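These notes are about the structure you will find just below.
Chain identifiers are assigned alphabetically (A, B, ...) following the order of the sequence lines, protein sequences preceding nucleic acid strands; residue numbering begins at 1 within each chain. Note: hydrogens, waters and symmetry copies are ignored here, and every other heavy atom, side chains too, is used. In this text the structure is predicted, and so the values were computed from the model without any measurement.
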2 protein chains.
Amino acid sequence: MRVAELSRTTGVPVPTIKYYLREGLLPPGVRTSPNQASYSGEHVKRIKLIRALVDIGGLSINGARDVLAAVDHPDEAVFDVLSTVSAGLGISTVDGSGEAWSPARDRVEQLIESLGWQAKLDEPAVEVLIAAATALHDLGRDDLIDLFEPYAEWCLQLAKIEVAVVNRRDDIGDLVEGMVIGTVLGDVVLSVLRRMAHQDLAAQLFAGRCEAADRRTG
Amino acid sequence: MRVAELSRTTGVPVPTIKYYLREGLLPPGVRTSPNQASYSGEHVKRIKLIRALVDIGGLSINGARDVLAAVDHPDEAVFDVLSTVSAGLGISTVDGSGEAWSPARDRVEQLIESLGWQAKLDEPAVEVLIAAATALHDLGRDDLIDLFEPYAEWCLQLAKIEVAVVNRRDDIGDLVEGMVIGTVLGDVVLSVLRRMAHQDLAAQLFAGRCEAADRRTG
């Protein structure tokens, strides 16, 4: 099909498709004349994947490019890509100089040891954890650092279900694509469901406390 | 203290502090002369909170402003703010016209009913869920939609622990601040721990499958 039909089929405007081509997110079509190329069902599939990662997963174009490269050349490096590429993980410079950093690092080290994980303290993912623990301590919210343990336990239990689902696919490309989609869109789905669970649990409780506060101050 | 000392204390450059003042994230200091203002410990605390939300939580400046307004004027609207403000939830236009939308909506409606939640189908958070289910179906990954149920159960169980921790604070401002910090930074911490759990569980399994694939193709 030509680019106009690719646009109609996917609902994505032609200039956006050309942008994906220029940025290397979408492989070029087969050139049929100096000004025309022909696209296939694989291009339709890839555009849907790009839109899911960018529009719903919240990835940047650079993030999506990295992730798609991992899908196209599946190997163990996919974990490195996924551990750094995420809507929420845009921490570019981690400042390990504050005085709260060292106890936070010890705390995260203990957590990783107690879980029996192999992660190293200088991995980007682990540095994000340490940065989060440092910030929480600085904000006087050590009580929220205590949640890291139950969070980790729950992630492990959930990961068993997730890996089982993704691992049902025989094809290694399908498996990696499933990991990428499941990780990126899963973040968003979990984040939304987490807020809905909070709202359902806390709304009544919270409304009661606001009324009490109003009575005191009003 | 003057702005220079506020900068030294927080480690945040003066132009950045002035930017926060202009954007309304930081309340103005007490004016001591036409060109000078005096800042307090509350300003130090607020700057730490802004940095945590933006640098670690990945919020935009607009997102941080909305969240801080909820902290300053705590009421039930904090849930609405938190349900839409998040690094991953930048879905601006949800397109409910595709043919996969309607079954995805039915699926999400069933999920909400089975959980006994009060959420309405036209809430932004629920629309994100429907959009994610639609995208997963379009990508041929209905198996990943099946994970929504365990995700929701898991979020509910975790929410009980989270709400208990945050609710320990007597002051309503502290409670809302804890909700905001816990929600925004919790997203990031969970996202990192989830990837670490995947990596730990799947790396060996995955390495084995890559080797098998190499033997077949090599």
(request) For a side chain to side chain contact (heavy atoms under 4.5 Å, CB included) with B/H198, tell me which candidate from A/L158, A/V166, A/L156, A/T183 qualifies. (result)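 Between B/H198 and the candidates, side chain to side chain contact (heavy atoms under 4.5 Å, CB included) is satisfied uniquely by A/T183.
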(message) Name the residue from A/I145, A/L147, A/L129, A/L144 that meets the side chain to side chain contact (heavy atoms under 4.5 Å, CB included) definition with B/V189.
(response)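 It is A/L129, the one option of A/I145, A/L147, A/L129, A/L144 that forms the side chain to side chain contact (heavy atoms under 4.5 Å, CB included) with B/V189.
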Most chain A-contacting option - heavy-atom pairs closer than 4.5 Å, from [options]:
options	value
B/Q157, B/K48, B/R141, B/Q118	B/R141
B/L111, B/I112, B/L139, B/D174	B/L139
B/R51, B/K160, B/E177, B/E162	B/E162
B/G140, B/G11, B/G186, B/G116	B/G186

Mind listing the closest non-hydrogen atom pair of [X] and [Y] along with its distance?
X	Y	answer
B/L193	A/A152	CD1-N, 3.8 Å
A/D187	B/S191	OD2-OG, 3.5 Å
B/I56	A/A135	CD1-CB, 3.5 Å
B/A197	A/A159	CB-CB, 3.9 Å

(request) Kindly compute the distance separating CE (B/M196) from CG (A/L115), expressed to the nearest 0.5 Å. (result)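 B/M196 atom CE to A/L115 atom CG measures 8.0 Å (nearest 0.5 Å).
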(request) Take A/E123 and B/V192, measure what side chain to side chain contact (heavy atoms under 4.5 Å, CB included) needs, and give me the verdict at the end. (result) CA-CA 11 Å; A/E123 283 177 23; B/V192 169; over 6 Å; no
Interchain contact, [X] with chain B, by part (heavy-atom threshold 4.5 Å):
X	result
A/V165	both
A/L190	both
A/L185	side chain
A/A119	side chain

(message) Salt bridge or not between B/R169 and A/D143? Use side-chain N to carboxylate O under 4.0 Å.
(response)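 A/D143 and B/R169: salt-bridged.
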(message) Under the rule for ring pair (Phe, Tyr, Trp, His ring centres under 6.0 Å), what residues qualify as partners of A/Y39, not counting sequence neighbours?
(response)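 Applying ring pair (Phe, Tyr, Trp, His ring centres under 6.0 Å) to A/Y39 gives A/H43.
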(request) Without swapping roles, check the side chain of B/W154 against the backbone of A/W154 for a donor-acceptor pair under 3.5 Å. (result)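 Looks like yes, one N/O pair under 3.5 Å.
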